[in-house]
Amino acid sequence: MPAKPDLTGVERDKLTINPDFDFKNDIATRPFEDLRTNEIGMFKWTGIYHQLQKGFFMMRLRIPGGLVNAEQMDRIADVAEKYGQDQVCITTRMTVQYHWLRKEDLYKVLEDLSSVGLDSKNACGDVTRNIVTCPLQGVCPHEVKDVRPMMLAIAEDPEIRDEQRNLPRKHKMSINGCGRACGQTLMNCQSWHPVKRTRADGGEEIGWKFYAGGGLGARPYMAKAIFDWVPEELVLKVTQAATEVYRRNGNRRVRAWARLKVVVDEMGARGFGEAVLEVMRERGVPGIDAIEFSTRPPEIGELFTDGQDVIAQKQPGLNTVRVMVLRSELTSAQARQVAQWARTYGDGSIMFTARQNLQIRSVPDDNVAPLLAEIRAAGFTTEGHERLPDMVACVGTTQCNLAVSDTPNTYRRLYAELASDKPFWEKVGQLRIHMNGCPNSCAQHWIADIGLRGTRKENPTGSEEGFTICIGGGLTGPGYISQPVCDVPATAVTPTVRRMLEIYLEQRASEKETFGEYARRIGGTRMAELLGVVAAPPEPVNERNQRMQRVFDEAMSETSPW
């Protein structure tokens, strides 16, 4: 198919460049200067980005659901030691990534990982990305059923994985064990969880509930409930059809409006659902009359995890031990130690979580205490999950081409000055702080109790990095997008966050009211008043987005290719 002149450069590249590069015999042998910019851009389909530093690359793996075994963890450590400056980073999509990889070593990394069943295909790019799930998938006492078979069926489906690789933008999915917020249902492009109901004959049956249209980035949206009931045998077919609706209708001329969230917002929940069913009819899928449309907005339950360092699994006598990983970074030695703990004390399985931490699973009761002792002796902490110490951050200006603020340094300041004050953060209780070096929300500031979004302010001597502080985001109920409070220099983040938490402790309705609930009750403008600072725009972010959309629509002529 010839390239179309009215498409974006990325879209033209996707029509003319094969993303399955020969990294061994081609890319490794060519001088870096001979690689075209758009070629390097297409490396994303193999999970590879060019770093801020010329000639160095980041590679992200595809690990559906974040579950690995000890052998795979050892190999992840080996690769970090040999090629990645001895560092493994855990991501918010329950996988890992390496930095500082050299072009000549990319194929070696791919070969080493492939030998233990790991790969990086579709970890980045305009494809279906790594599928996320509940951090306790398969072991949670609350899950309706084990969803791993369904998750793998979708992740490894040839159509979704191999054929639908030219989508308008990135496409994210979540497969969860129940209707709670643990699996981040409302912030993904497509999300599923099983539900139970009683049949007319009194028996029980299990089907699935389907959501679509969530997404963060610079313009956040919460997902809409599309179908309340999908028979299990149709879940994969609906997922394929929904992806096809996106492939056909996503905006390929303005990437800022290319996500599925925009398609669903424009069509509406019912309209998108009808479009999905129409694709299924085109394909001759039987049984679609059993699918039931949703008749109400999402109502997602509270998180199950709430500070526990050890969680009793649904399997009697077994436990999951949670380990906090500061700044999401592991050395190769630490990764190998985790693998050894998993072998010695558990069943060898390790889960990476969306909060950039890890868990050692299936630990017998008698092994919990000695395992905790070893974890703490090795310098890890198991205290503070879902509390102030449990912060999420992107890589910031240290390695990202888009970042304008140094999130690692801000993370360190917050941790050093606030996380060390245990009586203070224990009094604050449940709290999720997320920080991004730019508006793109890789670290999900829109759904945090306190979210930091990188900014840079011009001044007479140059510019000063800072952050917009937002409050009140969350993924329970219908979902909540955090609201801006104020802009502060990076050096003022820690005292401002502390003061906000002090105000909360002084003014909360009761000790049961969490900071997130308090923040949503008073709003960003009122918090700015209490801080005595200039407030950011008071209207909700989603209203600003809607206004931006209207302005954009009005600016486009009737003959526009958009």
Side-chain angles (χ1 to χ4, degrees), residues 3-15 38 41-42 44-45 122 124-129 164-174 186-191 211-224 226 241-276 279 401-402 436 438-442 444-447 453-454 468 470 473 479 481-482 484 537 539-562:
K4 298 181 179 181
D6 55 349
L7 296 178
T8 64
V10 172
E11 288 299 324
R12 292 195 296 272
D13 289 341
K14 287 192 288 183
L15 295 175
N38 55 352
M42 292 295 290
K44 295 176 186 177
W45 275 249
N122 293 4
C124 308
D126 296 343
V127 295
T128 296
R129 302 282 187 91
Q164 293 174 326
R165 293 188 78 201
N166 184 358
L167 299 175
R169 281 289 302 277
K170 57 189 174 184
H171 188 53
K172 298 180 177 181
M173 297 186 191
S174 176
L186 295 179
M187 57 162 275
N188 279 275
C189 304
Q190 295 189 49
S191 293
Y211 306 78
L216 301 181
R219 300 174 181 84
Y221 292 73
M222 290 291 114
K224 295 177 172 61
I226 309 298
T243 308
E244 178 63 17
V245 171
Y246 175 41
R247 190 189 67 81
R248 296 178 184 181
N249 293 278
N251 190 324
R252 292 182 183 269
R253 292 168 176 82
V254 183
R255 283 182 70 80
W257 300 104
R259 293 287 299 277
L260 178 65
K261 62 190 180 184
V262 177
V263 175
V264 175
D265 189 57
E266 291 176 345
M267 289 185 172
R270 181 80 187 199
F272 181 75
E274 294 285 7
V276 170
V279 170
N401 291 295
L402 302 177
N436 287 277
C438 77
N440 285 323
S441 200
C442 296
Q444 306 167 353
H445 66 279
W446 293 123
I447 52 91
R453 180 181 58 183
T468 299
C470 306
I481 295 168
S482 65
E539 69 268 27
V541 171
N542 58 341
E543 290 183 14
R544 292 205 299 278
N545 291 341
Q546 291 168 6
R547 185 162 62 254
M548 290 169 62
Q549 177 73 67
R550 289 195 296 270
V551 170
F552 181 81
D553 290 343
E554 291 168 1
M556 303 303 293
S557 69
E558 293 183 1
T559 58
S560 169
W562 181 80

For this session: Say whether Arg129 and Asn188, considering side chains only, have a donor N or O and an acceptor N or O under 3.5 Å apart.
Result: no
Problem set entry | Donor-acceptor pair between Arg247 and Asn166 side chains, under 3.5 angstrom | no
For this session: Compute both the distance and the angle, then confirm whether Arg219 meets the cation-pi test with Trp257: under 6.0 Å from the six-membered ring centre, within 45 degrees of the axis.
Result: yes
Problem set entry | side-chain hydrogen bond (donor to acceptor under 3.5 Å, both in side chains) partners for Asp126, two or more places apart | Lys14, Arg255
Seminar exercise, completed: Looking only at heavy atoms, the pair that brings Ser482 and Cys470 closest together is OG-CB, 3.4 Å
For this session: Starting from the C-alpha separation in whole Å, work towards a yes-or-no answer on side-chain contact (heavy atoms from CB on, under 4.5 Å) for Met173 and Thr243.
Result: CA-CA 10 Å; Met173 297 186 191; Thr243 308; 3.7 Å; yes
Problem set entry | Side-chain (Trp45) to main-chain (Arg165) donor-acceptor, under 3.5 angstrom | yes
Exercise. Are any of the side-chain heavy atoms of Leu7 and Arg253 separated by less than 4.5 Å?
Worked result: yes
Exercise. Hey, mind stepping through His445 and Thr468 against side-chain contact (heavy atoms from CB on, under 4.5 Å) and telling me if it holds?
Worked result: CA-CA 10 Å; His445 66 279; Thr468 299; over 6 Å; no
Problem set entry | Separation of Ile226 CD1 from Tyr211 OH (nearest 0.5 Å) | 10.5 Å
For this session: Start with the C-alpha distance between Arg453 and Asn440, add both sets of side-chain angles, then the distance that settles side-chain hydrogen bond (donor to acceptor under 3.5 Å, both in side chains), and finish with yes or no.
Result: CA-CA 9 Å; Arg453 180 181 58 183; Asn440 285 323; over 6 Å; no
Problem set entry | Any side-chain donor near an acceptor of the partner, Ser174 and Gln190, under 3.5 Å | no
Problem set entry | Identified side-chain contact (heavy atoms from CB on, under 4.5 Å) counterpart of Tyr246 within the set Leu260, Thr128, Val264, Val262 | Leu260
Exercise. Within a strict 4.5 Å, meaning less than it, do heavy atoms of the Cys442 and Asn436 side chains meet?
Worked result: yes
For this session: Check for a donor-acceptor pair, side chain of Asn249 on one end and backbone N or O of Val245 on the other, with a separation under 3.5 Å.
Result: yes
Exercise. Excluding sequence neighbours, so at least two apart, what forms side-chain hydrogen bond (donor to acceptor under 3.5 Å, both in side chains) with Arg248?
Worked result: Glu244, Glu282
Problem set entry | Set of ring-ring contact (aromatic ring centres under 6.0 Å, His included) partners for Phe272, sequence neighbours left out | none
Problem set entry | Closest non-hydrogen atom pair between Arg259 and Lys172, with its separation | NH2-CD, 4.4 Å
For this session: Go through the steps for Gln164 and Val127 under the test side-chain contact (heavy atoms from CB on, under 4.5 Å), then give the verdict.
Result: CA-CA 7 Å; Gln164 293 174 326; Val127 295; over 6 Å; no
Exercise. Where do Val10 and Met42 land on the side-chain contact (heavy atoms from CB on, under 4.5 Å) test, with the steps shown first?
Worked result: CA-CA 9 Å; Val10 172; Met42 292 295 290; 5.7 Å; no
Exercise. Taking all atoms of both residues into account, what is the closest heavy-atom pair of Gly213 and Lys261, and its distance?
Worked result: O-CB, 3.2 Å
Seminar exercise, completed: Shortest non-hydrogen pair, Gly250 vs Pro168, comes out as CA-CG, 3.5 Å
